There are 2 protein chains.
Amino acid sequence: MNNFEFASPTKIVFGKGTEKEVGKRAAEYSKSVLIHYGSDRVKKSGLFDTVVASLKAEGIEYSELGGVMPNPRLGLVREGIELCKRKDIGLILALGGGSVIDSAKGIAAGVANPDQDVWDYFIGKADPKACMPVGVILTIPAAGSEASQSCVLTNENGWYKRGRNNELFRPKFAIMNPELTFSLPPYQTASGIADIMSHVMERYFTNVQKVGFTDRLCEATLKTVIENAPLVIENPEDYDARAEIMWASTVAHNDLLSTGRIGDFGSHQIEHELSGIYDVAHGAGLAVIQPAWMKHIYKHDVTRFVQFAVRVWNVDERFDNPERTALEGIERLKAFFSSIGMPVTLKELGVSADRFDEIAAKTFQERGSGVGNYVKLSEKDVKAILEIARE
Amino acid sequence: MNNFEFASPTKIVFGKGTEKEVGKRAAEYSKSVLIHYGSDRVKKSGLFDTVVASLKAEGIEYSELGGVMPNPRLGLVREGIELCKRKDIGLILALGGGSVIDSAKGIAAGVANPDQDVWDYFIGKADPKACMPVGVILTIPAAGSEASQSCVLTNENGWYKRGRNNELFRPKFAIMNPELTFSLPPYQTASGIADIMSHVMERYFTNVQKVGFTDRLCEATLKTVIENAPLVIENPEDYDARAEIMWASTVAHNDLLSTGRIGDFGSHQIEHELSGIYDVAHGAGLAVIQPAWMKHIYKHDVTRFVQFAVRVWNVDERFDNPERTALEGIERLKAFFSSIGMPVTLKELGVSADRFDEIAAKTFQERGSGVGNYVKLSEKDVKAILEIARE
């Protein structure tokens, strides 16, 4: 096991009706709040009004900034920074999923560091020194951004999608009511599930030896998501199944599952190019890329893939043929993604082979630390993975 | 799943050599530190000198208060409170295991609330309003107090051992170097293991339905401890096995495993009377009481005990005989405790049957909320459990 540091300071407020507490939680930080959101869905659903009423009851003034797109854009972040300065905002309240939360984190970092350019954090040119408080009301369990140190933004100038980890990015509180996810359409639900599982799998595949505890925590999280996924696809209003997936989404990415180990994240890096260029749903992109990545690299450590197959997918181990056992686990992952309505080929995603070279090349641009950790990928590897995922 | 709140703000600094960072961590809180510890073991081992050197390098003044006993006493807590006031201490640094950490928490709460009596927190008469910062260098993985909201003290006036949970009790940082546990004797190592497992099992047995995620996290934690226990008993300097157990001890009790569910803690309450009266090692007491508790109450929910047997103990499920499967799981737990050198009867512990009535009666004294949650126990139940554990 490697040395590590870990804390998960974000106050999780989980369960039915918890969004009504937002005013009380926000008041601990500021009397001037920016409500940040994506589409009008949060207004149509009544959530926006609930939030405003709760803020008003605490005497909190609010401004609003909507329009966050999936794969949140740097342009809106810059707009948010100016708005916060103008309105003297003290807390950004993100209403939505990972895109809105990450946009809020970008704004929060930009406001708190007026001498730096926010994009520099994402291309490794600068480190934020401070961050405004961010609060969350989560409506999409997927990115795990509600309690994570991660933030991913897309720069429209060249369509670079780049992530940055920093402890300052952890939200102060995250209100999580599974009922708010009842209205998520099946495709978005399934994309979220693929994203959650990917966060765990990116951590699971590690070269660090003797990390049995976090292995088992990863397996527990994956099995939970796998068991509950068909329940929420079948019945979107299954509270307990929605709750299990929602809580798993947070644990999958708050770095508990990284303690003492180094994950891979190569599939995420490749997928960022897909969704940067094609604007596909991040989880759908991962459902295509990650099994292809596994097929390309599993020989790096067949034993780990056997463990994955046996413990996560209940594959009956073939002791005389570890490779077959390993491959069966990867096949079950693919079959699972298909079963919940995810694409498993680039063709299904609408990504044509004539852009593979471009995607592979771009994966390595403005990315100092290379692509992947478990296996360091070359441009040739990325092309091979795209070929495997082709159709 | 129930509604819940959760945060784990304690900064864990885990791994080889991390104790040398203590000055830097302490300096974030105060330039005047009380080093709190138990026996001279921390001086003989060189840890005390390492800590002092690290504090001095940061210009931190220190006082010291040793002499914490297992089942830490209220008397020393009161002494520590006076000392902190006199010396204007700003951070208590606990060097040791749960007893030292809990003593430090008691002192920290006492200092910060001069208008209240600290014992009142433990008998439900008052709530602390504030708490001084506590830092930890952990040398015994067992109690999980290094990141928990729990504190257990023993009042010598009547030998009442009583616990209190409060978010204010969470330490600010916990430095955890598995190498510092190499010198733990086998019996103390095994007692710690029993305590860790008990913290998980107290949470596992719940009446809350549809808590599959935390079930699996509990099972993952138990399996990790079960797998690594024989390794550390056999080779006390197995770094990775020590590390797995140490990290599991924290996760077992920081309340992640309680999220959305209500545990039992009846076995802990009964054991508190044993160790309050007989001063036995807490973990050893739990190794005796908890399997007896299981045998007494398993019919309350046979299915849960079947799950425990199958998932935690790899019992081959007898579908035609759930009770037998359930009982087999309990037997394996007992056999496991025996295998690592723990007592499994009160006779082995030196507790004689003529005091069962007294122990049972005392379990209910000054305890407002009753004994147990999964199953609410009567005094008669407690006597029956003691009888099962007799020999």
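Since we're looking at a predicted model, the values are computed, not measured. Numbered from 1 within each chain, the chains take letters A, B, ... in sequence-line order.
A/Thr189 and A/Arg242 form a side-chain donor-acceptor contact under 3.5 Å, judged by distance and modelled atom types alone. Using modelled atom types, one finds a donor on one side chain and an acceptor on the other under 3.5 Å when comparing B/Asn254 with B/Ser8. Side-chain atoms of A/Lys105 and A/Ser145 include a donor-acceptor pair closer than 3.5 Å.
Residue B/Thr18 touches chain A through its side chain alone, counting heavy-atom pairs closer than 4.5 Å. Contacts of B/Val225 with chain A are absent, with no heavy-atom separation under 4.5 Å from either backbone or side chain. At a 4.5 Å heavy-atom cutoff, A/Glu219 makes no contact with chain B through either its backbone or its side chain. Neither the backbone nor the side chain of B/Phe173 comes within contact range of chain A, judged by heavy atoms closer than 4.5 Å.
Exactly one of B/Asn177, B/Thr181, B/Leu47 qualifies for a side-chain contact (heavy atoms from CB on, under 4.5 Å) with B/Thr139. That residue is B/Leu47.
Scanning all heavy atoms of the two residues, the minimum distance from A/Ile101 to A/Ala94 falls at CA-CB, 3.9 Å.
Within a 6.0 Å radius of NZ in A/Lys223, other residues, nucleotides and ligands contribute more than 12 heavy atoms.
Heavy-atom pairs under 4.5 Å with chain B were tallied for A/Gly260, A/Gly212, A/Ala243, A/Gly17; the largest tally goes to A/Gly212. When each of B/Asn228, B/Asn2, B/Val211 is scored by its heavy-atom pairs under 4.5 Å with chain A, the top score falls to B/Val211. With chain A as partner, the option from B/Met176, B/Arg170, B/Lys11 having the largest number of non-hydrogen pairs under 4.5 angstrom is B/Lys11.
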